[in-house]
Each structure stands twice: as structure tokens, then as C-alpha cells.
Amino acid sequence: MDEKERKIESAELSIWFFCGILMLAYGLVLVVTGFVEFNHPPANEVLLPWLKALHPTLWWGVVLTVFGGFYSVRFRPGRA
């Protein structure tokens, strides 16, 4: 087996990279949704009254974006 074939066979993608991409995508969607909810709150809000003022959609989006960015960079393909 020559060098080129070994490189092709050893090229694996980590499942954590895909998890990071997915968390990053969901996080960005939630951040945008959280900012939109500042000016246009949902009509049928089911949240508890004290939780509504904390804007959990925005904060959960920030958390997912940070962790998704970390996992996407830490486990990116081609990283030796």
C-alpha cells in the first residue's frame, strides 16, 4: 500500500465535529430568534412570568453557539 492510499484510508471524521456543527447551527437560529423576541414577543407565551423576563431563548442560543463553535474548531477535519 502506498502513501496516498494510506492517507485516504486514515481520513476519518469525528462524530464530535458533526455534533459541533449541529449545535452551532441550532445556536445561531436560537440567537436570531431570541433577538427577534425582544421587539416582537410571541403571542401565546407558555413560559412562567419570571422566566419570560430572562429571555431563555437568547441565552440558550448563546450557550449552544459557544459549545458548537468550540467542538467545531476542536474536532475539525485535518487537525493533527
Side-chain angles (χ1 to χ4, degrees):
M1 193 179 329
D2 64 352
E3 185 69 28
K4 186 177 181 181
E5 289 177 5
R6 261 188 263 146
K7 283 185 180 180
I8 291 173
E9 286 182 5
S10 68
E12 295 179 2
L13 294 176
S14 173
I15 188 69
W16 296 112
F17 173 71
F18 291 110
C19 291
I21 293 295
L22 191 61
M23 280 193 294
L24 185 63
Y26 281 140
L28 291 175
V29 168
L30 287 175
V31 166
V32 169
T33 304
F35 278 125
V36 169
E37 286 180 358
F38 269 119
N39 295 328
H40 307 287
N44 295 327
E45 189 64 49
V46 183
L47 294 175
L48 299 172
W50 58 270
L51 190 60
K52 187 176 183 179
L54 295 175
H55 303 285
T57 304
L58 178 65
W59 289 112
W60 187 241
V62 169
V63 168
L64 281 177
T65 301
V66 168
F67 281 114
F70 171 74
Y71 275 89
S72 297
V73 170
R74 170 71 173 84
F75 297 105
R76 70 184 179 272
R79 185 172 180 268

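Keep in mind that what you see is a predicted model, and the values were worked out from it rather than measured. One-based numbering along the sequence shown.
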Legend entry - Distance, nearest 0.5 Å, that separates CZ of R74 from CZ of F67: 14.5 Å
Inset, instruction - Please answer: with hydrophobic residues joined when any side-chain heavy atoms are less than 4.5 Å apart, are L28 and F38 in the same cluster? - result: no
Inset, instruction - Considering non-hydrogen atoms only, spot the tightest contact between L64 and G27 and give its length. - result: CB-CA, 3.7 Å
Legend entry - Minimum heavy-atom distance between S72 and G20, given as atom pair plus value: OG-C, 3.1 Å
Inset, instruction - State which residues pass side chain to side chain contact (heavy atoms under 4.5 Å, CB included) with L54; sequence neighbours excluded, sorted by chain then number. - result: W50, L51
Legend entry - Hydrophobic cluster membership, F70 vs Y26, 4.5 Å side-chain cutoff: yes
Inset, instruction - Kindly work out whether a path of hydrophobic side-chain contacts (I/L/V/M/F/W/Y, heavy atoms less than 4.5 Å apart) joins L58 to L30. - result: no
Legend entry - Heavy-atom neighbours of F17 CZ exceed 12 at 6.0 Å: yes
Inset, instruction - Measure up the Y71 and F75 rings against each other and bin them: parallel (under 30°), tilted (30 to 60°), perpendicular (over 60°). - result: parallel
Inset, instruction - Following the transitive rule for hydrophobic clusters with a side-chain heavy-atom cut-off under 4.5 Å over Ile, Leu, Val, Met, Phe, Trp and Tyr, establish whether L22 and V63 coincide in one cluster. - result: yes
Inset, instruction - Is it possible for you to say whether V31 and L24 belong to one hydrophobic cluster, with membership spreading through side-chain heavy-atom contacts below 4.5 Å? - result: no
